[in-house]
There are 2 protein chains.
Amino acid sequence: MSLNDIIGDGSTGQGQQIRTEPMQQRSAARLSALLDAAAAVVDEVGFDRITTAMVAERAGASIGTVYRYYPDRVAVLHALRERAVLRFRQRFVEEMNLTRPETWWDAVDCAVTAFVGLYRSEAGFRILHFADRERTPEADGDAESGFFARRLADILAEEFGLPAGPDLNFRLEMTIEMADALLSRAFASDPQGDERIIAECRRIMHDYLVGFYGPSVGSNAPVLSQRS
Amino acid sequence: MSLNDIIGDGSTGQGQQIRTEPMQQRSAARLSALLDAAAAVVDEVGFDRITTAMVAERAGASIGTVYRYYPDRVAVLHALRERAVLRFRQRFVEEMNLTRPETWWDAVDCAVTAFVGLYRSEAGFRILHFADRERTPEADGDAESGFFARRLADILAEEFGLPAGPDLNFRLEMTIEMADALLSRAFASDPQGDERIIAECRRIMHDYLVGFYGPSVGSNAPVLSQRS
DNA sequence: GCTTACCGAACGGAACTCGATCATGGACGT
DNA sequence: ACGTCCATGATCGAGTTCCGTTCGGTAAGC
């Protein structure tokens with residue numbers, strides 16, 4: 001289990017959503033151009049005013065090309081979300097390598113920093129929550145937050161000695177769900193992200209986890225769970 | 001300021017969304033039948049697969065009737081959300097009258113109970129978050145969670161002596177946003193609501209607010225803010 | 001009877017299909 | 001090595017279908 005494993009394979013397990021895997025280089029470029037276009041359009045006209053024609057035109061492609069890759073309109077949005085999720089994981093890894101966190105909290109904080117950074121820089125990111133509110137009925141509530149929570153749990157356990165197990169996974173999942181909501185709220189009131197809300201989000205996450213895993217300390221042995 | 005004021009006028013300030021106010025009795029029934037139908041359809045096919053034809057047919061009405069009352073498809077969804085919000089406020093008031101809370105936490109807990117109850121009983125409720133992710137650009141991030149937070153703040157201040165002011169509003173807004181996310185998550189994994197998540201949600205809300213307002217005590221004087 | 005409510009065929013526009021056409025890059029001969 | 005050939009991937013966009021929305025005509029309340 002290395003840090004890079006958190007990036008994963010790019011799938012968040014929501015079923016097939018691409019029609020044809022690109023075989024030639026140009027089509028890979030097309031694909032990402034289509035997603036770039038979709039992101040721009042989403043930022044401009046919003047999530048449900050988006051039309052396939054807009055995406056195609058903005059990407060310099062024709063309608064048919066959109067449907068070569070995606071079975072329908074919502075699949076494009078799903079793919080956009082997938083890519084954003086992937087970029088978040090990558091950015092989180094970058095952030096970890098950059099700051100070299102010394103405590104488990106610093107590591108968690110990297111996730112917040114990565115998330116906020118992407119919200120600020122990435123077009124279309126605002127629309128895409130991890131917790132896909134439009135879950136497909138058969139997606140067993142285990143979409144993205146679950147994956148990321150597990151990987152983060154692995155890291156916190158291996159690198160910082162937190163006690164691994166379902167409890168850690170569960171608490172991180174709660175943390176991520178809260179943070180997603182609060183940070184999205186921060187960017188809903190302010191395109192740059194309301195600093196007060198972001199700070200409060202960090203504090204809430206921190207206090208919640210500290211209750212279980214004790215104050216963040218450097219290389220000391222972890223404090224065991226103190227509550228239920 | 002009475003408890004009933006929290007129910008408000010039924011508008012959450014998202015602009016006009018009804019075309020014609022009903023003049024006769026039957027049309028009021030039609031209106032709510034349309035929303036019932038919309039709720040059922042939303043539960044069946046999901047938020048963005050819903051079509052006006054489905055709603056009309058399910059309600060035993062014709063297409064034209066839908067458009068007599070609502071200017072377009074999204075207006076129907078907005079109205080459905082409005083009604084759910086209104087019912088939540090009503091249920092919260094009922095819950096308060098029923099349990100006669102003795103501490104500020106019991107009062108907050110009533111909101112959770114009301115929310116969970118509605119999620120379980122009300123069709124279509126699952127789709128409708130308070131924090132409308134599809135905010136209209138000019139709605140200054142102040143849709144529903146803001147309104148409810150303010151009213152709840154009023155109650156907590158007047159009935160239980162919590163220090164009124166923008167800080168209380170802000171913290172309640174954070175609390176509501178978290179709770180909304182966590183409870184929705186609870187119902188995403190389990191149609192009856194994952195009890196563990198619901199309990200954890202309560203704990204998180206409680207611990208967060210206790211940090212500022214001290215342990216819930218009966219009729220004692222409130223403990224003043226102990227942090228920042 | 002006059003106003004309100006309702007209907008559903010018809011219109012427009014957006015989602016999506018499909019056969020024609022173009023581009024790519026490995027195969028193959030020299 | 002070099003060029004050419006062509007199977008197959010990739011692209012296009014007019015056409016089809018489906019859905020949101022309108023509107024004139026009909027029925028029901030008061």
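Below, read A as the first sequence line, B as the second, and so on, with proteins coming before strands; counting in each chain starts at 1.
The distance from atom CD of A/Glu57 to atom P of D/dC12 is 13 Å, rounded to the nearest whole Å. Rounded to whole Å, atom C1' of C/dA20 lies 14 Å from atom CZ of A/Arg68. We find that CG of A/Asp48 is positioned 17 Å from P of D/dC19, with the value rounded to whole Å.
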What pairs of nitrogen or oxygen atoms, one from the protein and one from nucleotides 22-26 of chain D, lie under 3.5 Å apart?
unit_1	atom_1	unit_2	atom_2	d
D/dT22	OP2	B/Arg19	NH2	3.2

For nucleotides 28-30 of chain D, give me every protein contact, N/O to N/O, under 3.5 Å, one pair per line with atom names.
unit_1	atom_1	unit_2	atom_2	d
D/dC30	OP1	B/Gln25	OE1	2.3
D/dC30	OP1	B/Gln25	NE2	3.3

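Under the 3.5 Å distance criterion, the side-chain polar atoms of A/Arg19 are left unmatched by any main-chain donor or acceptor of A/Arg68.
Dashed line: the shortest gap from a side-chain N or O of A/Tyr69 to OP1 or OP2 of D/dT11 is under 4.0 Å. Look at A/Arg30 and you'll find a side-chain N or O under 4.0 angstrom from OP1 or OP2 of D/dT11. For D/dG20, the OP1/OP2 oxygens have a side-chain nitrogen or oxygen of B/Thr52 closer than 4.0 Å.
Residue B/Arg73 has its side chain nearest to D/dG20 when only C/dC16, C/dC7, D/dG20 are considered. Taking the side chain of A/Ser62 as heavy atoms from C-beta on, and the options D/dC12, C/dC7, C/dA15, the nearest nucleotide is D/dC12. Here the nucleotide nearest the side chain of B/Asp72, chosen from D/dT21, C/dA14, C/dC16, is D/dT21.
Considering A/Ile197, A/Asp194, A/Val116 as possible partners of A/Phe187, the one that fulfils the side chain to side chain contact (heavy atoms under 4.5 Å, CB included) test is A/Val116.
Within a 6.0 Å sphere centred on CZ of B/Arg196, heavy atoms belonging to other residues, nucleotides or ligands number more than 12.
A cation-pi arrangement is not found for B/Arg30 relative to B/Tyr69, the charged atom failing to lie both closer than 6.0 Å to the ring centre and inside a 45° cone about the ring normal.
We find the OH-CZ distance between A/Tyr208 and B/Arg203 to be 6.0 Å, quoted to the nearest 0.5 Å. With values rounded to the nearest 0.5 angstrom, B/Ile50 atom CD1 is found 10.0 Å from B/Glu44 atom CD.
Residue A/Ile50 is in sugar-phosphate contact alone, with no base atom involved, counting any heavy-atom pair closer than 4.0 Å across all strands shown.
Here the side chains of A/Arg87 and A/Gln90 are in contact, with some heavy-atom distance below 4.5 Å.
For the pair B/Arg49 and B/Thr65, nearest-nucleotide mapping onto DNA chain C gives the more 5' position to B/Thr65.
For the side-chain hydrogen bond (donor to acceptor under 3.5 Å, both in side chains) condition, the pairs that include at least one residue of residues 108-119 of chain B, sequence neighbours left out, are B/Asp109-B/Arg202, B/Thr113-B/Arg202, B/Tyr119-B/Ser184.
When only modelled atom types and interatomic distance are considered, B/Arg171 and B/Thr175 share no side-chain donor-acceptor pair under 3.5 Å.
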